[in-house]
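Presented below is the structure to which this report refers.
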Amino acid sequence: MTTEQRFPDGFLWGTATAAHQVEGGNWNSDWWAWEHKPDTLCAEPSGDACDHWNRYPDDLALLSGLGFNAYRFSVEWARIEPEEGCFSTVALDHYRRVCATAREQGLHPVVTFHHFTSPRWVDADGSWENPKTAERFARYCERAAGALGDLVGTACTINEPNIVAFYGYRHGVFPPGRTDSAARHAANDTFIDGHRRAVEAIKAGAGGVPVGLTLSMTAWEAVEGGEENLVKFRRPFEDVFLEAARGDDFIGVQTYTRERIGPDGQLPPEAGVETTLMGYEFWPQALEATIRRAWEVTDGTPVIVTENGIAAEDDARRVAYVTGALQGVQRCIDDGLDVRGYFYWTALDNFEWLFGYRPTFGLVGVDRQTFERTPKPSASWLGSVARANALVV
Ligand code: BGC
């Protein structure tokens with residue numbers, strides 16, 4: 001039996017990318033420095049990434065041709081403000097052209113102002129552990145939003161502050177490599193302050209665009225008496241951010257899998273279950289669970305799925321994963337939850353942080369020598385879902 005499930009009119013269908021992962025040559029950022037340090041766990045440096053800095057016109061034409069109506073990307077603080085107070089007109093003009101090109105291609109531009117990377121000068125002064133970073137970030141946002149102005153469609157302040165605080169300040173595997181629980185909590189606080197200030201700054205700079213935070217969320221499950229632990233883990237990881245996002249124009253939900261918590265902490269996926277190239281359990285049901293939780297904890301703040309996807313060699317598993325995830329989105333909408341869009345992570349096979357280029361999340365493959373783009377079958381499949389604004393199962 002075939003069923004067709006339609007999405008609300010005006011639903012945003014897009015893909016998401018991040019500057020450092022696709023542009024190439026982001027040498028003035030803390031991540032570039034980190035990738036080139038001998039004692040980190042980085043698999044390889046980002047190098048030229050996908051050369052999206054130069055190839056964005058073709059990339060946007062490709063995404064539009066596939067059927068998408070939106071594109072989420074980030075503007076790079078390290079390029080826009082390479083030294084404190086020194087702003088690059090060339091970088092701002094570049095991002096104006098990216099927004100303008102997206103609009104010409106019929107893609108609603110969703111602009112993220114911070115996606116994991118900070119300028120080296122911010123890193124040298126305590127990065128997000130230093131409360132001053134919140135003010136500095138807001139100043140940069142106001143300047144960038146002013147320059148991009150009415151070309152911005154929707155704005156995301158900070159991408160997954162919870163991941164940066166956890167991996168960069170508690171576990172030391174992301175820059176700045178801190179391994180201290182107090183540092184993690186300090187980073188959480190600065191991120192929350194930075195988000196609140198950025199909301200005002202972006203609205204001041206770019207007029208009435210919708211502004212929100214995007215958060216990494218997991219379908220948490222307690223196993224064998226792990227309930228107390230689950231609450232303890234989830235609080236600094238999700239709840240403090242969801243509470244800070246209450247009343248925003250939207251909350252960006254970003255979900256990949258579920259997380260099982262036992263009495264002694266996080267548990268790996270059960271033996272024998274299907275896992276992805278990231279080692280995550282194949283669990284598309286996670287999206288529905290996290291949308292519902294975001295909606296509940298933010299007291300009904302509208303949701304945009306700003307990231308959801310899978311790193312897989314077998315592209316058919318990508319289609320299966322997204323189908324399962326979108327069915328969950330549908331159930332949320334049917335229950336009256338205000339879900340406004342779905343952005344697949346990610347458009348291009350790109351630089352996956354610590355893991356380098358091995359995990360392939362992209363709808364489009366990229367030749368590492370020639371940068372040639374090759375759309376996978378999942379790209380035309382999801383593009384046709386977007387064009388029809390309906391999922392046919
Ligand atoms: C991040 C992306 C990342 C993706 C897949 C999210 O945590 O926003 O930058 O590539 O997940 O791991």
Side-chain angles (χ1 to χ4, degrees), residues 14-24 26 29-32 34-35 41-46 49-50 52 71-78 110-118 128 156-171 173-175 191 195 212-219 237-238 241 251-259 275-284 286-287 290 294 304-313 317-318 321-322 325 341-364 366:
T15 58
T17 61
H20 190 77
Q21 296 179 269
V22 292
E23 285 179 349
N26 190 22
S29 69
D30 57 349
W31 256 93
W32 181 279
W34 185 250
E35 291 154 31
L41 293 179
C42 293
E44 56 186 322
S46 54
C50 303
H52 184 64
Y71 178 58
R72 174 172 175 243
F73 65 98
S74 73
V75 293
E76 180 56 61
W77 187 5
V110 179
V111 180
T112 302
F113 285 74
H114 186 277
H115 194 126
F116 286 10
T117 47
S118 298
W128 290 88
C156 308
T157 56
I158 303 169
N159 181 77
E160 300 188 349
N162 52 343
I163 289 285
V164 180
F166 189 65
Y167 288 112
Y169 296 79
R170 176 71 190 86
H171 286 288
V173 294
F174 277 18
F191 274 127
H195 166 66
L213 179 80
T214 70
L215 197 64
S216 170
M217 293 188 70
T218 293
F237 195 78
E238 277 179 13
F241 293 101
I251 174 79
V253 169
Q254 315 204 148
T255 305
Y256 292 88
T257 189
R258 68 170 161 178
E259 185 84 64
T275 55
T276 73
L277 292 176
M278 293 291 281
Y280 303 156
E281 180 174 1
F282 180 97
W283 193 253
L287 185 57
T290 52
I304 301 178
V305 178
T306 38
E307 284 183 27
N308 175 247
I310 176 178
E313 245 153 48
R317 299 312 290 151
R318 183 168 290 105
Y321 180 90
V322 177
Y342 176 90
F343 289 74
Y344 178 79
W345 182 271
T346 181
L348 306 168
D349 282 343
N350 68 29
F351 178 72
E352 180 50 37
W353 307 110
L354 280 186
F355 304 101
Y357 290 95
R358 183 186 55 81
T360 44
F361 278 93
L363 295 176
V364 178
V366 177

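All residue numbers refer to positions in the sequence shown, counting from 1. We count ligands from 1, going down the list as the structure has it; atoms in each ligand are counted the same way. Please read all numbers here as calculations on a predicted model, not as lab measurements.
A distance of 14.5 Å separates OH in Y344 from CZ in R72, rounded to the nearest 0.5 Å. We find the CG-CD distance between N308 and Q254 to be 10.0 Å, quoted to the nearest 0.5 Å.
The contact set between ligand 1 and N159, taken as ligand atoms under 4.0 Å from a residue heavy atom, comprises 8 (O). Short contacts between ligand 1 and H115, defined as distances under 4.0 Å to a heavy atom of the residue, involve ligand atoms 1 (C), 2 (C), 8 (O), 9 (O). Those atoms of ligand 1 with a heavy atom of M278 less than 4.0 angstrom away are 12 (O).
For atom 10 (O) of ligand 1, the nearest protein heavy atom (residue, atom name, distance) is E352 OE1, 2.6 Å. In terms of protein heavy atoms, atom 1 (C) of ligand 1 is closest to E307 OE1, 3.4 Å.
When atom types are taken as modelled, the side chain of E35 and the backbone of S46 share a donor-acceptor pair closer than 3.5 angstrom. The backbone N or O of G362 sits less than 3.5 Å from a side-chain atom of D349, completing a donor-acceptor pair.
The shortest N/O to N/O separation between E160 and ligand 1 falls below 3.5 Å.
Among Y256, F351, F361, the residue whose heavy atom sits closest to atom 4 (C) of ligand 1 is Y256.
Under a 4.0 angstrom heavy-atom cut-off, I163 registers as lying outside contact with ligand 1.
Not a single ring pair (Phe, Tyr, Trp, His ring centres under 6.0 Å) links Y280 to another residue, sequence neighbours left out.
Aromatic rings from F174 and W34 are positioned such that their centres are separated by 6.0 Å or more.
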